[in-house]
Amino acid sequence: MLGAFRSALATPDLRRKILFTLGILVLYRFGTTLPSPGVSYVNVQKCYDQVDQQGIYSLINLFSGGALLQLSVFALGIMPYITSSIIIQLLTVVIPRFEQLRKEGQSGQAKLTQYTRYLTIALAILQATGIVALAVRGQLFAGCTDPVIPDQSVFNLIVVVITMTAGTSVIMWLGELITERGIGNGMSLLIFTGIAARIPAEGGNILNSQGGLVFFVVCVFGLAIICSVVFVEQGQRRVPVQYAKRMIGRRMYGGTSTYLPLKVNQAGVIPVIFASSLLYLPDLISRLTTSTTSEPSGWQQWVAQYLVSQSSWVHISLYFLLIIFFTYFYVSITFNPDERADEMKKFGGFIPGIRPGRPTAEYLRFVLGRITLPGSIYLGIIAILPNLFLDITGQGQNQNFPFGGTAVLIMVGVGLDTVKQIESQLMQRNYEGFLR
Amino acid sequence: MKLFLQILVIVSSVLLALLVLLHRGRGGGLSSLFGGGMQSSLAGSSVVEKNLDRMTLFVGVVWLISIVGIGLLVKVG
């Protein structure tokens, strides 16, 4: 393991890539602490310490690595990009032109990426405006009297919004630079750093408020969760595929037997993101319609009691069911058994014992449907795990809690992916890798 | 002075967003976001991309300096 690290750093090409990636990440972290122009850093810190109930923003705050509540230059983080990716992904089902582009291969994909980027900027403007509006009205930190933005002239507010939008585009660029010249996928690495950067602070929180024993138990528990997540993420069903032998001239081609890997968790963390975004909607609506003077109406109380409160069983079970639903939904979008079977047939491949064409597609669909069930249940359990331990983590913190839930899923997924990429680069030079 | 810096921030922000959008997207959407495929395009960056990189970097530095400048002015003034 350590030898692999040494040889990774000894290879000049790989060393340059790793250092480049680290440099960009440092730049990104620097940007998340740089306050936007016109935002009073002192007041933000004062308010941040006063208010720990985050509720609705916790997901966005998670993806921006805590930058949102600091109102920094990179306050929006990667969230607009994720949202616009999800929207474009969903639109490929609805709009025939997008579906066509997706099937077109590389050039079509590039066009879709370009649309995603445009939509990201548009969404960034929207979200920046929303957050600045909340900050001005004092709703970002409920109950904090110090003005976060002292100079509330329209011109000044516009400057803040535009700066945040430009910050989002810079993040997008940084991510693409990592993907292009560094190692790993840039966007997911940026999310990874955002989450990982919070671990020491969250751990310190628990240590201070609960004492050493609880802290130790939480650490052991967190490690166990990480191990099990790695275990399931690596799990796959290998469907054997046999390729027919062909004679072309005097050469023999094909005749190899390979396998089609079907991961247990084919959908990744995306179902969790979908589900939590959907669950935040009622909260958002009830907050926007609440007036400060009158009593909250009946449905608002219901929402606050059952949907927002993360320890209520309605919230937990709804979250669980939504995750299972979205797992199936997302797998059905990304993996098309008919297409796979068609491709196999074209290149002369077949699954032993099953006829090519429609029976193969049906077989794949059957296997996928069966393997996704434990995958989706696993996703749901991991995601609701922190909800069951609210006494330790504190109300309103559960999605940010770095030892369970969305955060662990993302961290493990991204970490595994990056290590695999470094390893494949290492393999070009020697055979010792990180993973055995 | 502050007004000048603010105008500079606005101009450089708009320029920055436009320049970034001019780049060829390498993100690959969500599928590669969370452990998807491992395809890496081998196409090297062309001269246009290189110049674009340089311009983006320059505008980015101007953007950064003006933001820090405003921050300092708010703190001191």
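A note on names: the letters A, B, ... follow the listed sequences, proteins ahead of strands, and every chain is numbered from 1. Here the structure is a predicted model, which is why all the values come from computation and not from measurement.
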Student: Is it true that the side chains of A:Thr163 and A:Ser36 contain a donor and an acceptor less than 3.5 Å apart?
Tutor: no

Student: Taking the side chain as every heavy atom from C-beta outward, state whether A:Thr120 and A:Met172 have any pair of such atoms under 4.5 Å apart.
Tutor: yes

Student: Taking side chain as everything from C-beta outward and backbone as N, CA, C, O, which of these in A:Pro35 sits under 4.5 Å from a heavy atom of chain B? Side chain, backbone, both or neither.
Tutor: backbone

Student: If you count heavy-atom pairs within less than 4.5 Å of chain B, which of A:Val73, A:Val39, A:Thr165 leads?
Tutor: A:Val73

Student: Does any non-hydrogen side-chain atom of A:Leu262 lie less than 4.5 Å from one of A:Gln236?
Tutor: no

Student: Under 4.5 Å from any heavy atom of chain A, what part of B:Leu3 do you find: side chain, backbone, both or neither?
Tutor: side chain

Student: Salt-bridge test for A:Glu176 and A:Arg181: reply yes if a basic N is under 4.0 Å from a carboxylate O, no otherwise.
Tutor: no

Student: Can you tell if the side chain of A:Phe192 reaches within under 4.5 Å of the side chain of A:Ile410, non-hydrogen atoms only?
Tutor: no

Student: Just by modelled atom types, is the A:Gly186 backbone N or O under 3.5 Å from a matching donor or acceptor in the A:Thr179 side chain?
Tutor: yes

Student: Can you confirm whether A:Leu123 sits close enough to A:Leu76 that some side-chain heavy atom of one is under 4.5 Å from a side-chain heavy atom of the other?
Tutor: no

Student: Can you tell which of B:Leu19, B:Ile7, B:Leu21, B:Thr56 has the highest number of heavy-atom pairs within less than 4.5 Å of chain A?
Tutor: B:Leu21

Student: Return yes if some donor-acceptor pair links the side-chain N/O of A:Thr32 with the main-chain N/O of A:Phe74 below 3.5 Å, else return no.
Tutor: no

Student: Any heavy-atom pair between the side chains of A:Ile191 and A:Val414 that's under 4.5 Å?
Tutor: no

Student: Is the ring pair A:Tyr118/A:Tyr115 parallel, tilted or perpendicular, if the boundaries are 30 and 60 degrees?
Tutor: tilted

Student: Taking the side chain as every heavy atom from C-beta outward, state whether A:Ile171 and A:Met187 have any pair of such atoms under 4.5 Å apart.
Tutor: no

Student: Give the ring-plane orientation class for B:His23 versus A:Trp173, where under 30° counts as parallel, over 60° as perpendicular and anything between as tilted.
Tutor: tilted

Student: Given heavy-atom pairs under 4.5 angstrom as the criterion, report whether the side chain, backbone, both or neither of A:Ile162 touches chain B.
Tutor: both

Student: What residues of residues 10-18 of chain B make heavy-atom contacts with chain A at a cutoff under 4.5 angstrom?
Tutor: B:Ile10, B:Ser13, B:Leu16, B:Ala17

Student: Spell out the residues in residues 61-68 of chain B that have some non-hydrogen atom less than 4.5 Å away from a non-hydrogen atom of chain A, in order of number; otherwise answer 'none'.
Tutor: B:Trp63, B:Leu64, B:Ile67, B:Val68

